[in-house]
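Below is one structure, written out as structure tokens; the observations come after it.
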Amino acid sequence: MKLRLKELLNTEQYEAASVTEGPLLIIAGAGSGKTRMITYRIAHLLELGIPQRAVLALTFTNKAAKEMEERVSQLLGKPAKRLTVSTFHAFGLQVIKRHGPLLGFRGNITVFDTQDVQALIKESAREAKISLEELNVYDIAGRFSQIKSGLASLDKETAVIRQLYEEYQSHLRTYQAVDFDDLIALPLELFSTQPEVLEEYRERFRHILVDEFQDTSRQQYQLLRMIALGHRNICVVGDDDQSIYSWRGANYENITDFETDFPEVREIKLEQNYRCTGNILTAANHLIANNAKRKVKALWTGEQEGLPLYLRTMDTESDEAGFMISKIREMKRKNRWSYGSFGILVRTNSLMNSIEHELVTENIPYSVSGGQSFFARKEVKDVIAYLRVLANPHNDIDLLRVINTPRRGLGKSTIDHLHRWAEKRGSSLYSAARDMISVDASPLTGKAKGALEELLSLLDETSRRIKQSRQMAEVLKNLLEVIEYRLHLLAEHPKNEQLGRWKYDNVLRFLQFFSQWEQDPDTGSATLYDYLNRISLSGKQEPDLREGRISLMTIHASKGLEFDCVFLPAVEEEIIPHGRSIEEDPASLEEERRLFYVALTRARQAVFISSCRTRKYLKGRRECLPSPFLEEIPKELFSHEETDAPVSTEEARDFFSELRKKLS
DNA sequence: CGAAGTATCTTTTTT
DNA sequence: AGATACTTCG
């Protein structure tokens, strides 16, 4: 293989891909061929004889990591197995696993997701006898997260919170568990306290690449910096206009810090957009120009103007979904596109429901990606909880989830007894349960004792089998049959048999994924733990079903992707910019604008924007107005031909801006 | 004592 | 619509 980089890339891309020594900061606008450049850069490094294991490429999502790895493999003509391409979090987990003992872990580590964390906080509060009346778990989890990631100080919290935090931490330890913040914080701690470990990483990773640099957090940057200070070959790629994760600690001042930490940095701007047609790019540029805080950048395209942007206001969300479907059919026919050319991007997960409903009714193939779609569904989480208990019965959080699902007569009072027993002896709930069924003096009723005994022997038996089996999915399936999980799901929805069936289908789908993973030759000797960690780190690891299907996702999840045709429903006030986000911090208006910018720039050729007059909200309906962001886009970029429209674009816009004036 | 029924509130984005 | 807290029923 001989790469002819000069012929394959434009001047700036070429420079970015071929300068391999020293720090490099690349400001890459939307659609500027960033991924392409990075892929070639990696291939180029390897061509220079740098071993795969010396390259560390960090991305933000698993999807992006997977894609990057695939594209490099494609260029090389063989899988790039020794390359480290992963998310910060997955990399962190790898580090923690490798040096577990130094951090006080023995054996397998479990990653707790948001829900697990909240459950654990409740547990901790109960055990520390802290009343949570005034405090909600959600807020506390957020505060803990800030503390761990260094954005807040524990010292400033009340004594009660501090105590709860200690309790929470000690629980994590006993379960051999880490939360998402630990995945960054612990490696950082390790590197700071164990210079020889840091040195090992510095020596190994001679070339570091970071994608979506604008979305790295303070701590992630620190981690990165520590490793990079060894050899200083670090290339970061980002776009401040696409920073949409500041609520999660993303700190685009990292860009400035990078310039200070690496003063010899070379800076390259990629400003030619290869993705969008002229009108789309002009609209996006006008919009983003309203942000005050940004690096100056002038994205341009050599493309034609292309289609105008289409704007439409509908009565209800179901009209809107219908409108999108008919437009998709039309565009599909006209352009001979497949369903895979279309993306429907929404601001919030809840907006997906009505759209999904309509797509299902119309029998249109779609796939939901990102968000909490699949692995977070209750029925799937239940099954995962069973798996986790089978892997480690001493994990109280999962045992609690499983203990009375389906109902087996082990209610609040039995669980209270278990808690008291476990607390007194400092053991896990599982051990407590073991004790309490064998001890005569146990306070349990005969009934509860019997049920508990039955559950424990079922779990033990299954656990033994699953650990020996090459077909864990089969064993799990068997367990679900024994507990009659399907009947349980059907019984949960007495008035809606379909729903119950659908949920069981999800369970079967999960079993399918599990079995697929297990049979995959790449999986090798991976254990149940590996699988569990994998799914908690990446809810989106469903095998890629996007081909030939419409993609439905949140705008956040769409970052880094592109579609021929993009639909943006619910472009309404309170939704984008999101009411809650503005309420919390008016300064986030700029982030909301960046979100809309990201959404627009996903489109190659066509954009359909819509809003509704009323939309279902919680129990009732509420009145909606078009988003003020629409007024920041020059009118002439929108389409005016609306023969079939009850109201013309112009009329609708004027009508609503007037209405808005009246209301405000 | 647990299960089933009723009332009330809640939804921003994700590793 | 779904989760949670509280009440009533068996």
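Chain identifiers are assigned alphabetically (A, B, ...) following the order of the sequence lines, protein sequences preceding nucleic acid strands; residue numbering begins at 1 within each chain. Below, all heavy atoms of this structure are taken into account, side chains as well, without hydrogens, waters or symmetry copies.
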Between C1' of B:dC1 and CG of A:Leu452, the distance in whole Å: 15 Å
Touch class at under 4.0 angstrom, heavy-atom based, for A:Asn353 against every strand present: nothing
Sugar-phosphate, base or nothing in reach of A:Lys378, heavy atoms under 4.0 Å: sugar-phosphate
Integer-rounded Å distance: C:dA3 P and A:Gln118 CD: 13 Å
Gap between atoms CG and P, on A:Leu351 and C:dA1 respectively (whole Å): 16 Å
Value in whole Å for how far the P atom of C:dA3 lies from CD of A:Glu379: 9 Å
Pair A:Gln220, A:Gln222: side-chain N/O donor-acceptor within cut-off below 3.5 Å: no
Please write out each protein N/O paired with an N/O of nucleotides 5-12 of chain B under 3.5 Å, distance rounded to 0.1 Å.
{"from": "B:dT11", "atom 1": "O3'", "to": "A:Arg580", "atom 2": "NE", "distance (Å)": "3.3"}
{"from": "B:dT12", "atom 1": "OP1", "to": "A:Arg580", "atom 2": "NE", "distance (Å)": "3.2"}
{"from": "B:dT12", "atom 1": "OP2", "to": "A:Arg580", "atom 2": "NE", "distance (Å)": "3.3"}
{"from": "B:dT12", "atom 1": "O2", "to": "A:Arg347", "atom 2": "NH1", "distance (Å)": "3.3"}
{"from": "B:dT12", "atom 1": "O2", "to": "A:Arg347", "atom 2": "NH2", "distance (Å)": "2.4"}
{"from": "B:dT12", "atom 1": "O4", "to": "A:Glu584", "atom 2": "OE1", "distance (Å)": "3.1"}

Rounded distance in Å - CG (A:Leu410) to P (B:dC1): 13 Å
First encountered from the 5' end of DNA chain B, between A:Ala448 and A:Thr87: A:Ala448
Stacked cation flag A:Arg615 on A:Tyr617, 6.0 angstrom / 45 deg: no
Under-4.0 Å side-chain N/O to phosphate OP1/OP2 contact, A:Thr114 with B:dT14: no
Whole-Å gap separating P (C:dA1) and NE2 (A:His357): 11 Å
Between B:dA4 (C1') and A:Asn404 (CG): distance, integer Å: 13 Å
Gap between atom CG of A:Leu287 and atom CZ of A:Arg593 - 0.5 Å precision: 6.5 Å
Distance, rounded to the nearest Å, where A:Asp585 contributes CG and B:dT13 contributes P: 18 Å
Exercise: do A:Thr614 and A:Arg621 side chains pair donor with acceptor under 3.5 Å: yes
Residues A:Tyr597 and A:Asn291: side-chain donor-acceptor under 3.5 angstrom: no
Candidate nucleotides B:dG2, C:dT4, B:dT14, ranked by approach to the side chain of A:Lys122 - the nearest: C:dT4
Partner residues of A:Phe608 under the ring pair (Phe, Tyr, Trp, His ring centres under 6.0 Å) criterion, sequence neighbours left out: A:Tyr310, A:Phe567
side-chain N/O A:Arg407 vs B:dA4 OP1/OP2, d < 4.0 Å: yes
pair A:Leu568-A:Ser610: side-chain heavy atoms closer than 4.5 Å: no
Closest nucleotide among C:dT4, B:dT13, B:dC1 to the A:Thr554 side chain: B:dT13
